[in-house]
Structure formats: structure tokens, C-alpha cells
Amino acid sequence: MLDVRSDEPEYSFLWDKETKAVNQHGNLIDLVNEDSELHCQSLNINGDPGIGDNPNRYKQHGFFLNADNCIGCHACEAACSEKNDNPAHIAFRSVGFVEGGTYPDYQRINISMACNHCDDPVCLKGCPTRAYTKYAEYGAVLQDPDICFGCGYCTWVCPYNAPQLDPVKGEVTKCNMCVDRLEVGLKPACVSACLGNALDFGVVENIPENRIEAKTTIPGFPTTDITQPNIRFQQTRSTQREMTRTDSMPLKYHKDDSVGIFKPKLDKKHGEKKHWNWRKLLTSHESAHVIFTLSTQAVLGAFLIVVTAGLINIDALSALNSAAVKLPLLGIMFAMLTYGLFKLNMHLGKPHRFYRGFNNLRLSPLSREIAGVSGFYTFLMAYGFFSILFSIFDNSLFNFFANASGILGAISGLIGLYYMYKIYRIKARPFWDHWQTGSAFFGNTISFGALLTGLISLPLLSADQSMLILAGPLMALVALGLGIELIGHIAHSRAMGSLENEGAASWYLQTTRYGKAWITRNVLLGLSFALALLLLVAGPAGSLAFIGWSALALLMISAGAISRSLFFVLVIPTTMPGAFFWKNKAFEEHARESGLVDMEQVGVVRELHGKFKFDELLETIKTTSPKILFKHIKDIVVWKKIS
């Protein structure tokens, strides 16, 4: 427990006396009953079994920001980082701002923001490792980095950018409400450091002395219905009707007089010119997800076709039951899925903790996706193993086990695919939160699955007749999947184009920053669909069939890679506005491109987790003793991917 200094200033102490029963979201402020067994339990802060004597220990606490007083000095930011010993590139609390008007009637609103310790924390529900806990003590949402394996999903679902994924350590950390200070009656460090008396803290809905408002919104603050955050605002000064962000995000905020709040609106600050930006598109941080999702969907689609051929007597698919066709196809499928899972696992900040992804099956769609895909991978191997035994010994028992594995694999694969879709239906990312995500995933499963099946199996069929019989249904499935995907893209374009929020901002970047790549994707996808229909109707054989399928594969793979890369690189979250440098995406990109990233004080670092440069390895070999070198190599093998 902390020792309270004898000269601790009066403003550093908590001031709550009477409290309300219910907050503005309709939730109880008292988090446990008086007779609950949770009463009088220690938080074991730094191993100390002591229990704080705060009379409001089991009430929901929250921050209060008087934006009228905030001068943007960043003292709260500095105090937080100092207390938590954060490096320059990590800040649990940061100060951003929006501005409006012109000289001499210019206005700026500073917004200091950290974790809001929400009533409905989506980070807790989303985390697959169960690293998050919402405590009855103060209603604090705490995260344990020692449990985290660095997937970063909590950073996706949080609307306020509160969880921070450290690209060096490969783990997430966040604001802990300074519960060690609360236990001895002190306010959090950021509040105690505030110079302008703008930031305060206490039981939620309690308005500090000399304050008159406790609003749940402020210009630039995301909608509260996602998580029901425990932060309240005062902002009494009149504002301009339109407030703009000073960071690179193409959004501004327009006052809706009918409800009296500011709503996001597209700000075309980057112009209308279309660009390629291939390097940023195809080498983004999420490239591993592009490979994993596409390979998994293709393999699942092919697996469903093969299993169906084995279970149901369909003449058109009977050629797939031949061992000469099935076994090579299963081998390619196994290799593709293995590579996709490897890329995904090495994308984690802590790849050696991959097994923790199953910890939150009760709440996390990511845990369920991991379980579904892992089950599919297991049953795919079992299906291949028993299929090999059946081809050797021709024993019906092996065929039974193969079919059983196929059924279980199909079920688990479809479950994994469904939750692969669900993990992207994130309210904090409107560009993803559309049914088109599902149409793309399920459409790709059908089209790429049939394409993979055809590319591997058709060359192995010597008889032209059997090849023609199989090629027709496979091409029909390719056309069906492409059609589903095209319909989804058209609907998504109309939906995003009509919005005025972050989804519209993503759509704007898609048609400008990546406009030429987006047009290329559309052309390739349209050509793929047209060629699939042509091949379906014409039914070519021999060399024409080979040329047609090869051309189709080239078009579809190119379109799929661009489309899925756009999916990941474009999404804009409902985060708070950033400042000119700190948490400004454009400045981060500039720092990486210009070399400023190597200056620690800039607050931007290279993504080191999951990577290890060859020249660094050579330098380590030259300067390190054999004993320590062996330990380094062991760590590299377990933790790192040598590139």
C-alpha cells in the first residue's frame, strides 16, 4: 500500500461523501451488496494483503473533465507516464483537441482521455486470453499484461483507444485507475497533476465543487452506447457549429441542434485525387491477417467440396473420391492452412503464448474463432490420415473414421468461419460493421474453395470426360461465390457513401488514398466474374481449359489480395481526436518513412515484436558470450521470426 505523504496537498484527496444510486446509463453505482463475499477482499497491490479504508470502495468511480479549464499542458499525460514508468511511445492518458472558427473568433477544445472503465467493457468481452477483469473495487477495469499474448483485439474494439499495444514488448497495457492511490484516499496521479483544475475524479455522477454539468458527450467523443463509459464532461462555453480534428483523420463534428450534440461528418481534407499506395496497402501491419483469412477460407471451401463428394453420391463430384486426386488436394490444403496459421501466430506479440487464445470461450468471438479453426485443422489432418489408410488397406472402418472426421471438420470449420466474421462486426469500426464482411468471407469460401479444388484436381484427371463433368459444378461455385462477393461490395459502397461517420471516412480514403488500387480491385473482380460465367457456359477442354482456369486464378488471387488488404488498411476506429504529433496517424507514417522513428523522444517506434533483423543477429553473435548467445538464440526460436 502507498504511504501518504504528510505534505500531500488537499486537492489530491478524494472528496466524495453522498452518492447517487443510479448513473445516467441506468446502471447501479453500488457494485456489490453489503453482505456480498466480495466485501473486504484485498486487491493484493504489489503483494500487499491490506485493504483500503475508502468508504466508497465498492462504488463505480469515473473521471470528470471540465473542458472549459483544460489548457492542453499535458501535465496529466506526463504524470501518468511517470507513475506507470511508460516509455515514450506508450501513453495511458493523452490530450487531443478539436478546433473551430477563424481569427479572431477561433476556439479550441482540449480533451484529456484515458480508459473510461466502462459499465460494459468491450475489451473484457473481446480479449481471448481473459487478461481483463472488471473489479467491484471502484469499478476499475484492469488488464494483466502477463496474461496477454499481444493479439491487439482489445485495441480494435475499444472506441477510446485506451488499451495500448506496445510494438516493442508485444503486449497490451492500459490505465489502471491508480487503484493503489484510491485505496489510501488519493485521486489518480493524472488528476492530482492537473494544473488548470480541469480533470477530477470520484464516484460517477458526483459533480465536483464549483462545477455545474456532468454531460456524457463532448465534441469528438464517440457514442456512449457502445460501452457506457464512466466519464463526465463540463463544456459550457459556446462553440462553433463545426469543430474540426487537427490530426489526419478526415472527420469533423457538426452540431445537431435537434439533439444538442455534435455528430461526426466527413471532412475531405486530403482532396479528391486518386493514388496507388501499393507499398502501404500490401505491406501493412495486418498482412498476416490477409494471408490467414484468405488461406483458411479457401481451404475450408475446398474441404467442404471434398467431404460432400465422399458422403453424397454425386456423379459430378465422384472424381474427387479417387485417391490420386483426393490425397494431393488434401496435402495442398494442409500446407496452405499450416502456413496461414503460422503467419497468424507469428503476428502475435507473444507467439509462444498462443495456447491462451482459448481462455475466453464464454465471451470472446476471437476465442471461438480460434477454437473453430483449430478444430478444423485437427480434423483436416485426421481426414487426410484416415483417407491415406483407406487408400492403402481398403478397409471400410478407415472410411468410416474419415467420413466422421470430415463431418466434424466441416462443422468446426463453419463455426470458425462464422466467428471469423463476428470478430469484425465491431461497433467501434463502422467500416467493418456491415453484413458485407460476411458476404466477402462466405463468398470467398465458396469461390476460392472451388478454384483451389479445380486447380489441383483437374490436371490430375487424365480422362477429358471426367474432367469436363467435374469442371462444370466447380466453375458454377466459383461464379456463385464471386456473385455473392460483388453484391456485398455494391451494397457496402452505397451504405458507406451515405454515412457521415468513420465509415464514410474509410470510404473516402478508399476512393482517394487507395483510389487507383480500389478501381483495380473492382475491375479484376468484375473480370473474374465475367470469365467464370464464360467458362461455365463454354465448358472448354484441353489446353483452352488450362488457359481459362489459370487466367481465372490469376485474376481472383490478385483481386482477393487487394480486396482483403483494403479491408484491413482502411478501417478507421471511433477514437478520440489526436494532437498535431501525438497519436496522429500521418505523423506516425512520416516518422517511419523519414527516420524520426529512431529518435526515442518522438514517441514512435518500429514494430519489433515478431521480427528480428539478420544484421542484428550477426552483431549479437560478434559481441555476445556463448552462454548468453545460446539464450538469445533460444528466445529467438521461441519468440521471434527471423527476417
Counting only heavy atoms not in [X], do more than 12 fall under 6.0 Å of its [atom1]?
{"X": "Lys215", "atom1": "NZ", "answer": "yes"}
{"X": "Lys255", "atom1": "NZ", "answer": "no"}
{"X": "Lys83", "atom1": "NZ", "answer": "yes"}
{"X": "Phe13", "atom1": "CZ", "answer": "yes"}
{"X": "Asp3", "atom1": "CG", "answer": "no"}
{"X": "Glu82", "atom1": "CD", "answer": "no"}

Distance alone, cut at 3.5 Å: any donor-acceptor contact between the side chains of [X] and [Y]?
{"X": "Asp68", "Y": "Thr236", "result": "yes"}
{"X": "Arg108", "Y": "Asn110", "result": "yes"}
{"X": "Arg353", "Y": "Thr129", "result": "no"}
{"X": "Glu183", "Y": "Asn54", "result": "no"}

Original post:
With sequence neighbours left out, what residues match His61 under ring pair (Phe, Tyr, Trp, His ring centres under 6.0 Å)?
Top reply: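 Checked His61 against ring pair (Phe, Tyr, Trp, His ring centres under 6.0 Å); matches are Tyr138, Phe201.
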
For residues [X] and [Y], report the shortest heavy-atom separation together with the two atoms involved.
{"X": "Ser42", "Y": "Gly50", "value": "OG-O, 3.0 Å"}
{"X": "Pro229", "Y": "Asn116", "value": "CB-CB, 3.6 Å"}
{"X": "Ser364", "Y": "Gly126", "value": "OG-O, 2.6 Å"}
{"X": "Arg592", "Y": "Val605", "value": "NH1-O, 2.8 Å"}
{"X": "Asp146", "Y": "Arg356", "value": "O-NH1, 2.7 Å"}
{"X": "Thr575", "Y": "Arg245", "value": "O-NH1, 3.3 Å"}

Original post:
Tyr160 and Phe221: aromatic ring centres closer than 6.0 Å?
Top reply: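 Yes, close enough.
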
Original post:
What about Tyr424 and Phe568, are their ring centers closer than 6.0 Å?
Top reply: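 Between Tyr424 and Phe568, the centre distance is under 6.0 Å.
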
**OP:** Would you mind telling me which of Trp435, Trp432, Trp507, Phe431 makes a ring pair (Phe, Tyr, Trp, His ring centres under 6.0 Å) with His492?
**Re:**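 Per the ring pair (Phe, Tyr, Trp, His ring centres under 6.0 Å) rule, the option paired with His492 is Phe431, out of Trp435, Trp432, Trp507, Phe431.
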
Sub-3.5 Å donor-acceptor pair from the side chain of [X] to the main-chain atoms of [Y], do we have one?
{"X": "Glu600", "Y": "Val597", "answer": "no"}
{"X": "Asp200", "Y": "Leu65", "answer": "no"}
{"X": "Glu205", "Y": "Arg232", "answer": "no"}

**OP:** Identify, with sequence neighbours excluded, every residue that meets side chain to side chain donor-acceptor pair (under 3.5 Å) alongside Lys134.
**Re:**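 Testing Lys134 for side chain to side chain donor-acceptor pair (under 3.5 Å), a comparison that skips the adjacent residues, returns Gln60.
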
Original post:
Tell me, which pairs form a side chain to side chain donor-acceptor pair (under 3.5 Å) where one or both residues lie in residues 149-159, sequence neighbours left out?
Top reply: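 For residues 149-159: none.
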
